[in-house]
Amino acid sequence: MHNSRFETLRELERLLVWLVNGPLAVVVKPLLQGLLWCHGRVERIPAPRLRALGKGLQWDVTVSVVPEGQCPGMSEALELERKLWAGHARYALPSLEHLAHSPVGLPRVQAFAAWVVGRWYLADGDDGERALQYLMLARSLHPARRWQPGQVVLECEALLRLERLDEARERLAITAETVAPCSEWYLASANLVRAEGGEDGRRLELLNAMLVRYGLQPLALREACAPLRLANLVGAEVAPLPVEPAATHALISVLMPCFGCADTVETAIRGLLAQTWPALEIVAVDDASDDATWPVLNRLAQEDARVRPVRHASNQGAYAARLTALEQAQGELITVHDADDWSHPEKLALQARALRKDPALKACMSSWCRVGEDLVVRMIGATPGKGYLRENESSLMFRRSLVEEIGAWDGVRAGADTEYIWRIRAAFGQQAVALVKPEVPLSFSLMHDTSLTRTGRTHVRTMFHGSRRIYREAQAWWHRTAGREAFRALPCEPGRRPFFAPPQLLEKAPAPVEVDLVVVADLGEASPEKGAVEASIRRQVMAKRVAVFHWRHYDSPAMQPICDLYQAMAANGTLTIIGPQDRVVTGQARVVGALMAQHRLDDYPAWQCERLVVEAAGLEAMTQEAFMAADAHLHQAFGIRPDWPEPGYQRREWSIGREAQA
């Protein structure tokens, strides 16, 4: 694949860039525009977008031979992307691949489909070659993508995994010649230096070039002879930054939950003690660690009185530890910090000044990137694509008065950062939470394979299909319906929750959910059987312990939440919402609207079910093919054969045929 033809194409690409931006631009640009116009008018096929080749080249035309309404548009491609991550990958992935390779269609739409597929394979981690093929297809279909930071980062990430370092180096070089380097470029370049076995000094130069470009203090090694590692970072000795009188600084309370972090917490705390904002306290709560975390905290407290250690008698989770720290905090400004993060020396000052500058601002955040201990930058998030940087929800800083207005964090084990930020915005508007220097990371977070965002039942991907999504839908319903006064209900005592939270987020090792009946149906507003589902649930909840499992129709909107009615019933304890990560023990499961089961989901709960019954609702719309598929998928999901009703002679023939085949 890496022959002279490939190199020739690269040379042609460089030549085209030079022609459009060089001294011949006055002649070349009009000529290219005319060729594009003729190509689109005469050949009647999609013409590429070349706007990114030069600021003055503004021609952008797409002409398709496909009649209007028959060619998938961007909205259809976006919906396929949602379905891909929301539990229907076995159907959405082939559709996206087909769209990307289709001989006809809109180039932007096809490029987006290829981009989504490339991200999917890159996130999976087992097929870097296929990921790279689709990423390259995306930028060949839509040339403007090749200089977008996300495209560059993912291509380099795939090339590094495949150990094709020369191509990654050339890719970064071409990008730097075409557009001004951004944070993503510097981070990808530092990763490449590491992969090539380059010197730590060169990597540090790239990181400092990134910081200086955005007006931040550069970094240095704490121990000059030691390797570049997260634990060996410190602010460089440069000209003193302007410091305001100490009396003008509000006290910042940094809340730090700690569990089993004896190896990392000292790095985190020393990074905070080196902040340029002088007035701070670090309230570190040891959540009943079984290692040396507590002795380390006490030693640091003896060295610096700004460190105030507190200890839990039993493990309660990170957000419970934050709430304990909040009770002990004395500062006017409150922020949080994980025990395995390292923050730039100016991080707290930048965020505190943003709050002081705008009294109407309720909170602010900064950006971060995840790294290994050797400071190699890793991808963040469930769906890679925006590059290495992400909004750091754990950097939220706010005034103490905010707690009196809308309460504090929910006491769940994962996802409470997002809930609190959404609650602030629900109460005061989207503009109430600002981002401070979002284009550059102010924190490095150490990535662990055992962290809550990386483990099965609370994995970050469950925000699309699983426990985190159930929690997000429930909180969004509460934010929309409760009103600001009710927001002070959080944190709450166990058993008095204002909205539903899955067992996986309430307990470290939850017991199986035991109910009398589980109703399996599409619980969304767009469900064709919405009325039948509601009637079935209402019949049962008065006399039985009922749970519901949301099995979405493939044709329904992938991100549509379950109906408000079921959220309200779950909030008051009338029913339980089951997720794919739950274990369920029930005497009976009733399927309402079995048509949705013709498309199986990627994950199911671990069922222990005695009987599986299919209600008649919606069966009249089923073809024989749909019936056979639904029967097989229900059997796979529950491990037992479903009991079907007898809606008519034709349906009985299908059942007889199935039994004969068995």
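Quick caveat: nothing in here was measured; it's all calculated off a predicted structure.
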Decide yes or no on side-chain hydrogen bond (donor to acceptor under 3.5 Å, both in side chains) for D582 and Q504, but give the supporting numbers first.
-> CA-CA 7 Å; D582 288 323; Q504 309 299 337; 3.1 Å; yes

Electrostatic pair R270-E303, nearest N-O below 4.0 angstrom = yes

Is the shortest distance from a Lys or Arg side-chain nitrogen in E266 or R299 to a carboxylate oxygen in the other one below 4.0 Å?
-> yes

Check the pair Y420, F398 against ring-ring contact (aromatic ring centres under 6.0 Å, His included), reporting the backbone distance first and the verdict last.
-> CA-CA 11 Å; Y420 198 44; F398 53 89; 5.6 Å; yes

Heavy atoms, side chains only, cut-off 4.5 Å: are W409 and L490 in contact?
-> no

Do L348 and M397 have side-chain heavy atoms sitting under 4.5 Å apart?
-> yes

Can S343 and H337 be counted as having a side-chain donor-acceptor contact under 3.5 angstrom?
-> yes

With the side chain counted from C-beta on, respond yes when K347 and P345 share a heavy-atom pair under 4.5 Å apart, and no when they do not.
-> no

Within-4.5 Å side-chain heavy-atom neighbours: I470 and I562 = no

Looking only at atom types and distance, does a side-chain atom of R423 sit under 3.5 Å from a main-chain N or O of I406, one as donor and one as acceptor?
-> yes

Does the distance from a Lys or Arg side-chain N to an Asp or Glu carboxylate O, for D286 and R311, drop under 4.0 Å?
-> yes

Flag the pair R203 / L375 as yes when at least one side-chain heavy-atom distance between them is below 4.5 Å, and no otherwise.
-> yes

Is it true that a side-chain atom of Q217 and a backbone atom of A236 form a donor plus acceptor pair closer than 3.5 Å?
-> yes

L219/H344 under side chain to side chain contact (heavy atoms under 4.5 Å, CB included): CA gap, chis, key distance, verdict | CA-CA 8 Å; L219 306 177; H344 187 276; 3.9 Å; yes

Calculate, to the nearest 0.5 Å, the distance between atoms CG and OG1 belonging to L446 and T264 respectively.
-> 6.5 Å

Residue pair L297 / I269, side-chain heavy-atom distance below 4.5 Å = yes

Main-chain N/O of G331 paired with R400 side-chain donor or acceptor, under 3.5 Å = yes

Intermediate values then yes/no, side-chain hydrogen bond (donor to acceptor under 3.5 Å, both in side chains), H312 and T324 = CA-CA 9 Å; H312 277 169; T324 297; 2.7 Å; yes

Can you name the closest pair of heavy atoms from S183 and M210 and give their distance?
-> OG-CG, 3.6 Å

N298 side-chain N/O to W294 backbone N/O, donor-acceptor pair under 3.5 Å | yes

Nearest heavy-atom approach of Y121 to D127 is CB-O, 3.9 Å

Carboxylate-amine/guanidinium proximity below 4.0 Å for E405 and K362 = yes

Nearest 0.5 Å, what's the CG-CD distance between L505 and E419?
-> 12.0 Å

Under-4.0 Å salt bridge between R497 and D410 | yes

Say you draw a straight line from CD of E184 to CG of L154; how long is it, rounded to the nearest 0.5 Å?
-> 9.0 Å

Considering all heavy atoms of both residues, which atom of L160 and which atom of A168 are nearest to each other, and what is their separation?
-> CD2-CB, 4.2 Å

CG of D200 to CG of L204: how many Å apart, nearest 0.5 Å?
-> 8.5 Å

Counting only heavy atoms not in E332, do more than 12 sit closer than 6.0 Å to its CD atom?
-> no

Does N191 reach the main-chain N or O of V377 with its side chain, forming a donor-acceptor pair under 3.5 Å?
-> yes

Verify, without hydrogens or angle tests, whether N232 (side chain) and L221 (backbone) share a donor-acceptor contact under 3.5 angstrom.
-> no

For side chain to side chain contact (heavy atoms under 4.5 Å, CB included), just list the numbers for W277 and I252, CA-CA rounded to whole Å, side-chain angles, deciding distance to a tenth of an Å, and then say yes or no.
-> CA-CA 9 Å; W277 189 269; I252 298 177; 3.4 Å; yes

Can you check whether L251 reaches Q330 side chain to side chain, under 4.5 Å on heavy atoms?
-> yes

Determine, stepwise, if the pair W85 / W120 fulfils side chain to side chain contact (heavy atoms under 4.5 Å, CB included).
-> CA-CA 9 Å; W85 298 98; W120 172 266; 3.7 Å; yes

Ion pair present between R306 and E281, side-chain N to carboxylate O less than 4.0 angstrom?
-> no

Please step through side-chain hydrogen bond (donor to acceptor under 3.5 Å, both in side chains) for the pair E393 and T418, ending with a clear verdict.
-> CA-CA 7 Å; E393 295 175 331; T418 301; 3.0 Å; yes

Would you name the heavy atoms of L333 and A352 that are closest together and state the gap between them?
-> CD1-CB, 3.8 Å

Between R202 and E199, does at least one N-O distance fall below 4.0 Å, as a salt bridge requires?
-> no

Measure up the W422 and H479 rings against each other and bin them: parallel (under 30°), tilted (30 to 60°), perpendicular (over 60°).
-> perpendicular

Would you check if L300 and V296 make a side-chain contact, meaning some heavy-atom pair closer than 4.5 Å?
-> yes

R370 and D340 ion-paired at < 4.0 Å = no

Side chain to side chain donor-acceptor pair (under 3.5 Å) partners of Q431, counting only residues at least two apart | none

Under 3.5 Å: donor-acceptor pair, side chain of S253, backbone of A329 | no

Taking the six-membered ring for Trp, is the centroid-to-centroid distance between W478 and F487 below 6.0 Å?
-> yes

Under 3.5 Å: donor-acceptor pair, side chain of W185, backbone of L172 | yes

Test item: R399 side-chain N/O and L355 main-chain N/O as donor-acceptor pair under 3.5 Å = yes

Step-by-step side-chain hydrogen bond (donor to acceptor under 3.5 Å, both in side chains) determination, S367 to N392 | CA-CA 5 Å; S367 296; N392 183 6; over 6 Å; no

Examine distances only and state if a side-chain atom of E157 and a backbone atom of M379 form a donor-acceptor pair shorter than 3.5 Å.
-> no

Evaluate the criterion side chain to side chain contact (heavy atoms under 4.5 Å, CB included) for residue pair E439 and L389; output intermediate values, then yes/no.
-> CA-CA 8 Å; E439 67 279 4; L389 267 64; 5.5 Å; no

Measure the spacing between CE of M365 and CG of L396 and express it to the nearest 0.5 Å.
-> 6.5 Å

Rounded to the nearest 0.5 Å, how far does CG of L350 lie from CD of Q275?
-> 9.0 Å

